[in-house]
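Take a look at the structure below.
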Amino acid sequence: MPTTSLITRPSNHVAFSLEDLAAVQKLLGHAKRPVLIIGLEARQHAKQVRQLAQLLACPVLPTYKAKGVVSDEDPQVVGVFTGGSQEEECIAQSDLMVLIGLDPVEMILQPWRYGKAVCEISQVEHFVHYVKPEARVTGSLDEILSQLNGTLHDHRSDWQPWEWLKIRTQVQEKLAYPPVKFGVAPDKVVQMAAQACAHKKITPRMSVDAGAHMFSATAFFPSTRPGDVLISNGLASMAFALPAAIACALDDPSQAVMCFTGDGGLMMCLGELCTAVETQANIVVVVFNDSALSLIDIKQQSRQFPTRGVRWGKHDFAGTMQSLGGLGFSVHNEEEYALALQTALNAGGPCLIDVQIDPSGYAHQLKAMRG
Ligand SMILES: Cc1ncc(C[n+]2csc(CCOP(=O)(O)OP(=O)(O)O)c2C)c(N)n1
């Protein structure tokens, strides 16, 4: 599609159309209750995104990969955006979805469900998408966001801070794990890890694997900086979290990287524990040990299939880590876990905490997230 007037910039700045920008500006100008959906392309443009969010005073929903672009400590961040049902309440109360740097690969494979006006600001045009926006401007996010911010001074939305808080609280309550019969609840595993880090005054980066444990890790581990969350979505490859955490720790050894993984994902890359020990990577691997491929187990059950090929006996990953020369802890309750976290975070080297998990609440969480 030819565009009439283009702003062109040297080298890495991609041209964008002023007409397209004007169309987005117009939609935003008329919106009373916009919601910002932040995607991975926005990770390099946190300053401008934060400024836009502040000007509009509206709720913000980052994708997993965009967590931290606007800090989770900011009350405007009310949850995450996956294309599922957890964000439905917020979007239902809005009148315009503003996609910023959202790559469709970040979303779950479900039909677009929101029925709201959409405008899109993106670095490149994504030809296969879930939605056709009413207006779209494509090009340098830096330039586009700067221009928008320069013209939106008196566009504070009608959203009230109590509404952000209400939505945020509702989402967290919906995603809370039901009471467990044994072990440590997955949401507690993540919240306690975050608390232990805060207590030690560290803000670690976090890697997370594919699987049911990912629901709690992404919902309850706060991110304050862009790039803090390392996750494979789209392909959603298992055995990602451990090598990603090692690479991250080698890149910045100054503070521990938290690595959340299922036992299935860990078994696919167990040899990487040797790498962690050899490189003395500053990582804390937290294994959600439920002796199952739980995400597949619950999907099998929901389709009334017999349980097949998704469960196994209990394996001792703490012992495995110890035998390789790292620190390993096997924990069965919150007290043991709190102690292990404290020791691991003080160690400054490769540690693994094998946490016993009761998987019976995952189906509830899956429903809350994806409907
Ligand atoms: C390499 C790869 N194989 C298969 C899958 C499909 N898959 C997604 S989640 C999952 C189960 C993960 O099990 P586990 O690591 O134990 O985590 P849990 O679901 O129990 O938390 C599977 C098999 C995948 N995402 N990646």
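Given the structure is predicted, the values throughout are model-derived calculations rather than measurements. Atoms within a ligand are numbered from 1 in the order they appear, just like the ligands themselves.
For ligand 1, the atoms lying closer than 4.0 Å to a non-hydrogen atom of His213 are 17 (O), 18 (P), 21 (O). Of all atoms in ligand 1, numbered sequentially from 1 with element shown, those under 4.0 Å from a heavy atom of Gly264 are 14 (P), 15 (O), 16 (O). Here is the list of ligand 1 atoms found below 4.0 Å of a heavy atom in Ile296: 7 (N), 10 (C), 11 (C), 22 (C), 23 (C). Within the listing of ligand 1, atoms 20 (O) sit less than 4.0 angstrom from a heavy atom of Asp290.
Contact annotation for Ala212 and ligand 1: heavy atoms of both the backbone and the side chain come within less than 4.0 Å of the ligand. At a heavy-atom cutoff of 4.0 Å, ligand 1 is contacted by no atom of Ala239, backbone or side chain.
For atom 5 (C) of ligand 1, the closest non-hydrogen atom of the protein is Met238 SD, 3.6 Å. Gly265 N, 2.7 Å is the protein heavy atom nearest to atom 15 (O) of ligand 1.
Among all heavy-atom pairs drawn from Ala276 and Ile283, the shortest one is CB-CD1, 3.8 Å. Counting all heavy atoms, side chain and backbone alike, Leu327 lies closest to Met321 at O-CG, 3.3 Å. Here the closest non-hydrogen pair linking Ser291 and Lys314 is OG-CA, 3.7 Å.
Here CG of Asn282 is found 7.5 Å from CD1 of Ile202. Values are rounded to the nearest 0.5 Å. In this structure, the separation between CG on Leu270 and CG on Asp263 is 11.0 Å, given to the nearest 0.5 Å.
The distance criterion of under 3.5 Å between nitrogen or oxygen atoms is not met by Leu293 with respect to ligand 1. Residue-to-ligand polar distances keep Ser237 apart from ligand 1: every N/O pair is separated by 3.5 Å or more. At least one N/O-N/O distance between Asp263 and ligand 1 falls below 3.5 Å. Residue contacts with ligand 1: Ala236 is placed with a nitrogen or oxygen under 3.5 Å of a nitrogen or oxygen of the ligand (distance criterion only). Considering backbone and side-chain N/O of Met268, none are found under 3.5 Å from N/O of ligand 1. The distance criterion of under 3.5 Å between nitrogen or oxygen atoms is met by Ser294 with respect to ligand 1.
A side-chain contact (heavy atoms from CB on, under 4.5 Å) with Lys67 holds for exactly one of Ile38, Ile231, Val77, Val80; it is Val80. For the ring pair (Phe, Tyr, Trp, His ring centres under 6.0 Å) with Phe260, the lone residue among Phe221, Phe220, Phe240 that qualifies is Phe221.
Judged by distance alone, the side chain of Arg225 and the main-chain N or O of Thr203 form a donor-acceptor pair under 3.5 Å. Looking at Tyr177, its side chain never comes within 3.5 Å of a backbone N or O of Lys188 through a donor-acceptor pair.
In this structure, Asp209 has no heavy atom closer than 4.0 Å to ligand 1.
In this structure, Glu89 does not pair ionically with Lys174, as no charged nitrogen and carboxylate oxygen lie closer than 4.0 Å.
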